[in-house]
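First listed ligand is number 1; within each ligand, the first listed atom is number 1.
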Amino acid sequence: MEVADLIAAHVVDVPDFPKPGVLFKDLTPLFGDGPTLRACADAIVAAAGPFDLVAGIEARGFIVAAAVAYATGTGVIPVRKAGKLPGPTTTITYELEYGTATLEIPERAGLADRRVLLVDDVLATGGTVVAASELLWRGGGRVVGVSVVLELAALGGRSRIANTHSNLPIHALLSV
Ligand SMILES: O=P(O)(O)OC[C@H]1O[C@H](OP(=O)(O)OP(=O)(O)O)[C@H](O)[C@@H]1O
Ligand SMILES: Nc1ncnc2[nH]cnc12
């Protein structure tokens with residue numbers, strides 16, 4: 001089965017979560033299926049250019065990032081929600097589809113001049129990826145690509161990212 005079909009078969013639509021009006025795409029069945037998780041990681045690696053480090057966005061992005069890192073022998077930089085890291089940190093607050101959130105990376109992340117592949121499970125409005133990219137650049141990294149398992153195209157994340165990072169390759173394994 002194609003990876004896009006595998007993903008489609010392992011995503012569950014949950015209406016009105018976490019807020020009324022949001023159709024939440026639950027990837028829990030995908031993460032719970034070993035062959036599908038592995039196929040996603042392998043497909044992300046196959047589509048990406050060369051990179052030295054994988055950045056994953058808390059929390060679901062960590063799962064994808066760790067699988068991609070294991071497949072390539074690279075390390076992971078965790079991009080964390082507020083208050084989880086000892087200082088010093090670099091911090092950004094941004095708009096989500098369903099609220100606001102804050103992301104942080106440690107200033108001692110060891111990012112200097114590393115080529116970073118930024119991965120997440122879902123691309124929705126793109127606010128999270130834009131904020132995470134900004135943080136990684138500020139930390140001295142070179143963000144060379146964005147890879148997600150599932151893109152919710154109607155929410156416009158791709159063009160929002162292109163507005164701020166015009167040459168950044170964005171790849172989604174499945175776009176709905
Ligand atoms: O493109 P955007 O509109 O910014 O939304 C996408 C982000 O939203 C979800 O994370 P969430 O904040 O729900 O956190 P979680 O992974 O901890 O569940 C998802 O995992 C992405 O990180
Ligand atoms: N509708 C959605 N489903 C799953 N994750 C999301 N992140 C942002 N919007 C989302």
How many angstroms lie between atom [atom1] of [X] and atom [atom2] of [Y], to the nearest 0.5 angstrom?
X	Y	atom1	atom2	result
I92	E134	CD1	CD	5.0 Å
L85	R108	CG	CZ	9.0 Å
I161	T128	CD1	OG1	9.5 Å
R138	L135	CZ	CG	6.0 Å
L111	R142	CG	CZ	11.5 Å

Heavy-atom contacts with [X] under 4.0 Å: which atoms of ligand 1 show up? List them by number with element.
X	result
T128	2 (P), 4 (O), 5 (O), 6 (C), 7 (C), 22 (O)
E58	16 (O), 17 (O)
G126	1 (O), 2 (P), 3 (O)
A59	15 (P), 16 (O), 17 (O)

Find all atoms of ligand 2 within a distance of less than 4.0 Å from any non-hydrogen atom belonging to [X], and give their numbers and elements.
X	value
L152	1 (N), 2 (C)
R60	4 (C), 5 (N)
A124	8 (C), 9 (N)

What part of [X], side chain from CB on, backbone N/CA/C/O, both or neither, has a heavy atom under 4.0 Å from ligand 1?
X	result
D120	side chain
K81	side chain
T125	both

Problem - Donor-acceptor under 3.5 Å (K25 side chain, V11 main chain) - result: no
Exercise for the section: Sort and list the pairs that fulfil salt bridge (Lys or Arg N to Asp or Glu O under 4.0 Å) and have at least one residue in residues 118-129, not counting sequence neighbours. Expected result: R60-D121
Exercise for the section: State whether the shortest distance between N or O atoms of G61 and N or O atoms of ligand 1 falls below 3.5 angstrom. Expected result: no
Problem - I57 N/O to ligand 1 N/O under 3.5 Å - result: no
Practice task
Return a yes/no value for V22: is any of its N or O atoms, backbone included, closer than 3.5 angstrom to an N or O of ligand 2?
Solution key: no
What side-chain donor-acceptor pairs closer than 3.5 Å can you find for residues 32-49, not counting sequence neighbours?
from	atom 1	to	atom 2	distance (Å)
D33	OD2	T36	N	3.1
D33	OD2	T36	OG1	2.6

Handout entry: A101 heavy atom under 4.0 Å from ligand 1
Key = no
Handout entry: Lys/Arg-Asp/Glu bridge criterion (N-O < 4.0 Å) met for R80, E104
Key = no
